[in-house]
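See below for the structure under consideration.
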Amino acid sequence: MKKLSHKRHIVKTITWRFVGTLDTILLSWLISGNPLFGLKIGFAEVITKMILYYFHERAWFKFNIDNSKKRHFVKTITWRFIGTLDTMFLAWLITGNPLTGLKIGFAEVITKMVLYYLHERAWYKIDYGLDNRRRFK
């Protein structure tokens, strides 16, 4: 099961990064007013976020919270904290403006939490990479 769970976490990482990057590009463009900044921030995040997300998934795989909705909610909060800090830092570096980094980070807190929760719920229904499905009710 351990080897299968690694495959599952890699695929979850890729699917989430696709959704998250599109959201970041759009928000960064709208807030900065510059589509090039949106693209630069979004693509810079692809690397940093995939690494951070993979380790977040591995850490959460070891936790046993019996209630799936509670688990997904807490997991959403912890990931959003990590992801927002990363976005703020990258946006600041790329735009040269710390205020723009803060604005982008705070805007994505809401959009990314909703998107991440929906992503978690969808993956909860998928058995890919699990030998013995352990459903949390």
Side-chain angles (χ1 to χ4, degrees):
M1 181 164 131
K2 194 171 189 172
K3 190 173 190 171
L4 287 174
S5 71
H6 282 283
K7 289 179 184 178
R8 176 182 178 86
H9 297 149
I10 289 168
V11 174
K12 272 184 79 174
T13 299
I14 292 167
T15 59
W16 171 245
R17 193 63 264 138
F18 179 77
V19 171
T21 297
L22 289 178
D23 184 57
T24 297
I25 290 169
L26 181 62
L27 286 173
S28 298
W29 176 8
L30 291 173
I31 291 168
S32 72
N34 184 332
L36 188 56
F37 282 154
L39 289 170
K40 285 181 179 180
I41 293 165
F43 288 121
E45 278 193 348
V46 169
I47 303 299
T48 60
K49 290 288 195 314
M50 285 183 74
I51 293 166
L52 292 169
Y53 186 82
Y54 176 81
F55 286 111
H56 183 259
E57 276 299 300
R58 294 305 301 160
W60 270 95
F61 188 68
K62 297 175 193 302
F63 289 114
N64 186 14
I65 297 176
D66 292 334
N67 182 308
S68 73
K69 289 186 180 176
K70 179 181 176 185
R71 175 186 177 83
H72 297 149
F73 180 75
V74 174
K75 201 173 165 186
T76 299
I77 299 296
T78 60
W79 172 245
R80 190 65 267 134
F81 178 77
I82 293 165
T84 298
L85 288 177
D86 184 55
T87 298
M88 284 193 258
F89 181 71
L90 289 173
W92 176 8
L93 285 177
I94 290 168
T95 66
N97 185 337
L99 185 58
T100 300
L102 286 171
K103 286 179 184 178
I104 293 168
F106 286 127
E108 79 165 21
V109 166
I110 303 301
T111 60
K112 291 276 191 337
M113 285 181 71
V114 170
L115 291 169
Y116 184 81
Y117 181 81
L118 295 173
H119 183 261
E120 279 298 303
R121 294 302 297 165
W123 269 95
Y124 179 70
K125 296 177 182 190
I126 298 169
D127 288 335
Y128 175 77
L130 298 175
D131 281 340
N132 301 321
R133 181 62 183 209
R134 189 176 52 154
R135 295 261 182 200
F136 304 102
K137 300 201 183 215

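As the structure is a prediction and not an experimental result, all values here were calculated from the model.
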Exercise. Hey, is NZ on K75 packed in by over 12 heavy atoms from elsewhere, all under 6.0 Å?
Worked result: yes
Seminar exercise, completed: The remaining residues in the hydrophobic cluster of L118, counting side-chain heavy-atom contacts under 4.5 Å among Ile, Leu, Val, Met, Phe, Trp and Tyr, are V114
Exercise. Would you call W79 and K112 a side-chain contact if the rule is heavy atoms closer than 4.5 Å?
Worked result: no
Exercise. Can you hop from W123 to V19 via hydrophobic side chains spaced under 4.5 Å?
Worked result: no
Exercise. Of all residues at least two apart in sequence or in a different chain, which pass the side-chain hydrogen bond (donor to acceptor under 3.5 Å, both in side chains) check with W92?
Worked result: none
Exercise. So, does R58 use its side chain to make a donor-acceptor pair with the main chain of H9 at under 3.5 Å?
Worked result: no
For this session: Step by step, work out the side chain to side chain contact (heavy atoms under 4.5 Å, CB included) result for T24 and R17.
Result: CA-CA 10 Å; T24 297; R17 193 63 264 138; 4.3 Å; yes
Exercise. When rounded to the nearest 0.5 angstrom, what distance separates CG in L90 from CZ in F43?
Worked result: 14.0 Å
Exercise. Got a donor-acceptor contact below 3.5 angstrom from the R121 side chain to the H72 backbone?
Worked result: no
For this session: Return the minimal non-hydrogen interatomic distance between G101 and A91, and the atom names on each side.
Result: CA-CB, 3.6 Å
Exercise. Any side-chain heavy-atom pair from T78 and W60 closer than 4.5 angstrom?
Worked result: yes
Exercise. Do the side chains of I126 and W16 join up, straight or via other hydrophobic residues, at under 4.5 Å, putting them in one cluster?
Worked result: no
For this session: Check whether any side-chain heavy atom of Y54 sits under 4.5 Å from a side-chain heavy atom of H6, and report yes or no.
Result: yes
Problem set entry | Point-to-point distance, once rounded to the nearest 0.5 Å, from CD1 of I94 to CG of L39 | 10.5 Å
Exercise. What closest approach, in Å, do M50 and I14 show between heavy atoms, and which atom pair accounts for it?
Worked result: CE-CG1, 3.6 Å
Exercise. Does V46 share a hydrophobic cluster with L85, counting links as ILVMFWY side-chain heavy atoms below 4.5 Å and allowing steps through other members?
Worked result: no
In a table with atom names and distances, give each donor-acceptor pair under 3.5 Å that connects a side chain of residues 30-38 to protein atoms at least two apart or in another chain.
unit_1	atom_1	unit_2	atom_2	d
S32	OG	S28	O	2.7
S32	OG	N34	N	3.1
S32	OG	N34	O	3.3
N34	OD1	L36	N	2.8
N34	OD1	F37	N	3.4

Problem set entry | pair Y128-K7: side-chain heavy atoms closer than 4.5 Å | yes
For this session: Evaluate the side-chain proximity of I104 to M88: yes if any heavy-atom separation is below 4.5 Å, no if none is.
Result: no
Exercise. Between T13 and K49, is any pair of side-chain heavy atoms under 4.5 Å apart?
Worked result: no
Exercise. What distance separates T76 OG1 from H119 NE2, expressed to the nearest 0.5 Å?
Worked result: 11.0 Å
Exercise. Would Y117 end up clustered with V74 when hydrophobic side chains under 4.5 Å apart are linked, directly or stepwise?
Worked result: no
For this session: Would you sort out whether E45 and T87 count as a side-chain hydrogen bond (donor to acceptor under 3.5 Å, both in side chains), showing the intermediate values?
Result: CA-CA 7 Å; E45 278 193 348; T87 298; 2.3 Å; yes
For this session: Look up atom CD1 in I51 and atom CG in D86, then write down how far apart they are to the nearest 0.5 Å.
Result: 9.5 Å
Seminar exercise, completed: To the nearest 0.5 Å, atom NZ of K70 lies from atom CZ of F73 at 11.0 Å
Exercise. How many angstroms lie between CD in E57 and CD1 in I10, if you round to the nearest 0.5 Å?
Worked result: 11.0 Å
Exercise. Is it the case that one hydrophobic cluster holds both F55 and I47, taking links as side-chain heavy atoms less than 4.5 Å apart, direct or via other members?
Worked result: yes
